> 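I'd like to ask some things about the structure below.
Predicted model, so just to flag it, every value in this text is computed and none were measured. Throughout, a chain's letter reflects where its sequence line sits, starting with A, and its residues are numbered from 1.
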Amino acid sequence: MQVVSSKEALSLPDGETVIVRGWVYRKREFKDKIFVLLRDREGIIQLVFPQQIPESQIARKLNIESSLIVEGMVKSDVRAPGGKEIHVSKVLWYFIGEPFPINEYAAQADSEYLLDVRHLWIRSRKMWAILRVRHTVFEAIHEYFRSKGFYEVHCPIFVSSAVEGGATLFKVRYFDREDVYLTQSAQFYLEALIFSLERVYTIAPSFRAEPSRTRRHLTEFWHAEAEMAWAGMRDVMRVSEELITHVVRKVLEDRLEELSLLKRNLEKLELVKPPFPRVSYDEAISMLNSMGLDIKWGADLGADEERALTQKFDTPIHLYGFPSVAKAFYHKDYPEDREKPLWERRTLSVDVLAPEGYGEIVGGGERIEDPEELRRKIREFGLKEEDYQWYIDLRKYGSVPHAGFGLGVDRLVMWICGLDHIRDSLPFPRDIRRVRP
RNA sequence: GCCGCCGUAGCUCAGCCUGGUAGAGCGGCGGGCUGUUAACCCGUAGGUCCCGGGUUCAAAUCCCGGCGGCGGCGCCA
């Protein structure tokens, strides 16, 4: 007797006897029979227990989320969800659960209670669908980078200094020596690794101790980062748009059922194809000013501006050429701006903004390869050279033009799934308030 | 860090403005029902109205303080 998934059972001919196992999703009792919707990793199938058989005594006791293994016969019925159901002849194993504390009303409300019982809520159809899309997103990212000759590498989580100047770090006690920090980006380590492998990528958690309270921020998020030797800002644009397009297409191929369960508008995703529109910061400023917003050159774009800008496009866009003062020190300045003062210079940096108001999902650009230029920028930013000693060191021994970017994988999942909040893009989100379950 | 909102049954919420001793739906339990699709119908149990103080004859309701949570901005992926 073979154990089959709900999905496999639905594809079998009538009369097959199979074993299925899973959890009770719904139960409906009648005088002569009991319907149990059984949930497993692949979906849902309806079990029918006739009241005459002794097994129905067990079925009567089943609560929502009770678990069981049954043997039964596949039978077509137009009234069954999926067109087929299993007429149970034997219960091989079961566990009667306590009353399940989550109901449809809580699910609709998307309440904080669902965050308290997250360890149980991940069984829901919604989280099931999201987790399966997320699985495919990670798969597609690996697939893309590997197919393009990038080596996968792994960088430390414990680090001794900051990557971003302003971003806040989580401090961790490290034996009896000075404190270390949780990494906020693998970028500096990837930059070191290109001198060995030329094109590298990693998917790893990054940590930000920013007290952000928005639907787009986590304190622990999954970061897909890539770094390329012999590359510039244009290469970052090309690789990032190819990557995003590949991921979206893969999800559209493999996860249609999940997307429709999430009520995602597929047309929006089908529009995603390279090249993405390229908008310079200068153009963005004049576009925004002509839309009635009052933005001065030099300011970073806020959430309102990002939203206004992306509303003009149906697909993700590349926004490039940010002012140097609005970006981290390691970004390379436009060569023609080199003699200008810091506040008038632009960087060879680029962000990808997702449409439908989802905003920034990628940040990257060309890095400074000249050690003297890097030192100057560190000083201009009021940072200490000694804090970046090994990073400067990379430029001393056969420096090369190089560029890279970081993709917020949770934000990508959020946008692809059309979620209201980033914390639903992963099973156990960490934000400023929540570290459990 | 700044601004706003919320805390009542296991869960989702109403009641609060205008003070008078606690309500609904779901879930639980019991019963009914010839195939349900978040089934339906009848019955029933279930409460530290977040905590502390104040005003009042009387506080879930008004005032003050605290705690917890949610949303938004800034910052970023």
> With a 6.0 Å cut-off on ring centres, are A:Phe428 and A:His119 close enough?
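Ring-ring flag for A:Phe428/A:His119: false, centres at least 6.0 Å apart.
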
> Is A:Asp420 atom CG crowded by more than 12 heavy atoms from other residues, nucleotides or ligands, each under 6.0 Å away?
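Counting other residues, nucleotides and ligands, CG of A:Asp420 stays at 12 neighbours or fewer.
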
> With the side chain of A:Asn63 defined as its heavy atoms from C-beta on, choose the nearest nucleotide among B:C29, B:C33, B:C76.
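Per side-chain heavy atoms of A:Asn63, the pick is B:C29.
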
> How close or far is atom C1' of B:C33 from atom CD of A:Glu29, stated in whole angstroms?
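The answer, rounded to whole Å, is 11 Å.
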
> Counting the atoms with a prime plus P, OP1 and OP2 as sugar-phosphate, which does A:Ile361 contact under 4.0 Å by heavy atoms, base, sugar-phosphate, or nothing?
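A:Ile361: backbone/sugar contact only, no base atoms under 4.0 Å.
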
> When you measure only distances, ignoring hydrogens and angles, does the side chain of A:Arg213 come within 3.5 Å of the base of B:C75 through a donor and an acceptor?
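For A:Arg213, whose side chain was compared with the base of B:C75, there is no donor-acceptor pair (under 3.5 Å).
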
> Taking atom P in both B:G54 and B:C70, what distance in whole Å separates the two?
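Between the two P atoms, the distance is 32 Å.
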
> Categorize A:Phe30 for me: base, sugar-phosphate, or nothing, with a 4.0 angstrom heavy-atom threshold over every strand shown.
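Base, at least one base atom sits under 4.0 Å.
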
> I need the minimum non-hydrogen distance between A:Leu10 and A:Lys84, along with the two atoms involved.
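Looking at all heavy atoms of both residues, the closest pair is O-CD, 3.4 Å.
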
> Mind checking who B:C73 pairs with, Watson-Crick or G-U wobble, both distances under 3.5 Å?
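Checking every strand shown, B:C73 finds its partner in B:G1, with both distances under 3.5 Å.
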
> Whole angstrom is fine here: how far is it from OH in A:Tyr113 over to P in B:G7?
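Nearest whole value for this atom pair: 19 Å.
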
> So do the side chains of A:Val272 and A:Pro316 get within less than 4.5 Å of each other, counting heavy atoms only?
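In contact.
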
> Mapping A:Lys27 and A:Val48 to their closest nucleotides on RNA chain B, which lands nearer the 5' end?
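Nearest nucleotide further toward 5': that of A:Val48.
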
> Would you kindly give the CH2-to-C1' distance between A:Trp415 and B:A77, to the nearest whole Å?
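So the two atoms are 15 Å apart, to the nearest Å.
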
> Please measure how far the P atom in B:A14 lies from the corresponding atom in B:C6, and state the result in whole Å.
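10 Å, rounded to whole Å.
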
> Report yes if a side-chain nitrogen or oxygen of A:Arg28 is closer than 4.0 Å to either non-bridging phosphate oxygen (OP1 or OP2) of B:A39; otherwise report no.
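Yes, within the criterion.
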
> For the residue pair A:His217 and A:Glu210, confirm or rule out a side-chain donor-acceptor distance under 3.5 Å.
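Side chains of A:His217 and A:Glu210: no pair found under 3.5 Å.
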
> Select base, sugar-phosphate, or nothing to describe what A:Arg60 touches, counting heavy atoms under 4.0 Å on all strands.
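Nothing, no heavy atom under 4.0 Å.
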
> Does A:Ser212 contact B:C75 through a side-chain donor or acceptor facing the base, at a distance under 3.5 Å?
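Per atom types, the contact qualifies.
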
> Between B:C64 and B:A22, how many Å separate the two P atoms, rounded to a whole number?
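Roughly 26 Å separates the two P atoms.
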
> Taking the minimum atom-to-atom distance to the side chain of A:Phe35, which one of B:C70, B:G35, B:C33 wins?
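Among the listed nucleotides, the one closest to the side chain of A:Phe35 is B:G35.
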
> Need one value for A:Val409: base, sugar-phosphate or nothing, where a base atom within 4.0 Å counts as base even if backbone is also close, heavy atoms only.
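No contact.
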
> I want to check a possible cation-pi pair here: A:Arg234 against A:Tyr320, using under 6.0 Å from ring centre and within 45° of the ring axis as the test.
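Yes, A:Arg234 sits over the ring of A:Tyr320.
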
> Considering only side-chain heavy atoms of A:Ile422, which listed nucleotide, B:A77, B:U37, B:G69, is closest?
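Shortest atom-to-atom distance from the side chain points to B:A77.
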
> I need the CD1-C1' distance between A:Ile432 and B:G71, as an integer number of Å.
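Value for this atom pair: 13 Å.
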
> Scan A:Ala224 against the nucleic acid and name what it touches under 4.0 Å (heavy atoms): base, sugar-phosphate only, or nothing.
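If one applies the 4.0 Å heavy-atom cut-off, A:Ala224 turns out to touch nothing in the nucleic acid.
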
> As a test of reading the structure: which of B:U37, B:A77, B:G71 is closest to the side chain of A:His421, going by heavy atoms?
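Per side-chain heavy atoms of A:His421, the pick is B:G71.
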
> Under a 3.5 Å cut-off for both contacts, is B:C26 paired Watson-Crick or G-U wobble with anything, and if yes, with which nucleotide?
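Across any shown strand, B:C26 pairs with B:G10.
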
> Is there a donor N/O on one and an acceptor N/O on the other, under 3.5 Å, for the side chain of A:Glu85 and the base of B:G35?
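Checked by distance alone, the answer is yes.
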
> Does a side-chain N or O of A:Arg423 approach OP1 or OP2 of B:G71 to a distance below 4.0 Å, or not?
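It does, given that an N or O in the side chain of A:Arg423 lies less than 4.0 Å from OP1 or OP2 of B:G71.
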
> Does any N or O in the side chain of A:Ser89 come within less than 3.5 Å of the main-chain N or O of A:Glu71, such that one atom is a donor and the other an acceptor?
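Such a contact is found between A:Ser89 side chain and A:Glu71 backbone.
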
> Base, sugar-phosphate alone, or nothing: which one does A:Leu218 contact when heavy atoms must sit under 4.0 Å apart?
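If one applies the 4.0 Å heavy-atom cut-off, A:Leu218 turns out to touch a base.
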
> When we call it a touch if two heavy atoms are under 4.0 Å apart, what does A:Asp300 touch: a base, just sugar-phosphate, or nothing?
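Here A:Asp300 touches the backbone only, sparing every base.
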
> Under the criteria of a ring-centre distance below 5.5 Å and an interplanar angle below 30°, is A:Phe221 stacked with the base of B:A77?
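According to the criterion (under 5.5 Å, under 30°), yes, A:Phe221 stacks.
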
> Pairing check on B:C62: which nucleotide meets the Watson-Crick or G-U wobble criteria with it, both distances under 3.5 Å?
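Across any shown strand, B:C62 pairs with B:G54.
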
> Quote, to the nearest angstrom, the C1' distance that separates B:C33 from B:C13.
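My reading of the C1' atoms in B:C33 and B:C13 gives 30 Å.
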
> Taking OP1 and OP2 of B:C73, is either one under 4.0 Å from a side-chain nitrogen or oxygen of A:His217?
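It does not, given that no N or O in the side chain of A:His217 lies less than 4.0 Å from OP1 or OP2 of B:C73.
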
> Determine: side-chain N/O of A:Arg433 to OP1/OP2 of B:G69, distance under 4.0 Å, yes or no.
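The answer is yes; a side-chain N or O of A:Arg433 sits under 4.0 Å from OP1 or OP2.
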
> With a 4.5 Å cut-off on side-chain heavy atoms, are A:Ile378 and A:Ile392 touching?
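With C-beta onward as the side chain, the pair touches.
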
> Considering just the side-chain nitrogens and oxygens of A:Lys33, establish if one lies under 4.0 Å of OP1 or OP2 belonging to B:G35.
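Answer no for this pair, as no side-chain N or O of A:Lys33 is under 4.0 Å from OP1 or OP2.
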
> Out of B:U37, B:A77, B:G27, which has the shortest distance to the side chain of A:Asn103?
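When the side chain of A:Asn103 is considered, B:G27 is the closest of B:U37, B:A77, B:G27.
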
> Base, sugar-phosphate, or nothing: which does A:Gly302 touch, judged by heavy atoms less than 4.0 Å apart?
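Result for A:Gly302 = sugar-phosphate.
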
> If the P atom of B:G31 is compared with that of B:G23, how far apart are they to the nearest Å?
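Approximately 28 Å lies between the P atom of B:G31 and that of B:G23.
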
> Taking the same atom, C1', in B:C2 and in B:G74, what whole-Å distance lies between them?
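The answer is 8 Å between these two C1' atoms.
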
> Rounded to whole angstrom, note down the P distance from B:C26 over to B:U44.
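That atom pair is separated by 15 Å.
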
> Is the A:Trp121-A:Tyr113 ring centre distance short of 6.0 angstrom?
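No, they do not, as the ring centres are separated by 6.0 Å or more.
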
> If we call it a pair only when both distances are under 3.5 Å in a Watson-Crick or G-U wobble match, what pairs with B:U21?
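The answer is none; no pair meets the criterion.
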
> Can you check the A:Arg430 CZ to B:A77 C1' distance for me, whole Å?
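Nearest whole value for this atom pair: 19 Å.
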
> Check this for me: does the side-chain of A:Gln46 come within 3.5 Å of the base of B:U37 through a donor and an acceptor?
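When only heavy-atom distances are counted, A:Gln46 does not reach the base of B:U37 through any donor-acceptor pair under 3.5 Å.
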
> Between A:Arg208 and B:G74, is there a side-chain N or O to OP1/OP2 distance below 4.0 Å?
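No, no such contact exists.
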
> Whole angstroms only, please: what is the CG-C1' distance between A:Asp304 and B:C75?
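Roughly 15 Å, once rounded to whole Å.
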
> With P as the reference atom in both, quote the distance from B:U36 to B:C41 in angstrom, rounded to an integer.
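Each nucleotide's P atom is 15 Å from the other's.
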
> Roughly, in whole Å, what's the span from CD1 in A:Ile295 to C1' in B:G74?
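My rounded result for the distance is 14 Å.
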
> How many whole angstroms separate atom CG of A:Asp116 from atom P of B:C11?
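Computing the A:Asp116:CG to B:C11:P distance gives 9 Å.
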
> Distance check: side-chain N/O of A:Arg434 vs OP1/OP2 of B:C70, anything under 4.0 Å?
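Answer is yes, contact under 4.0 Å.
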
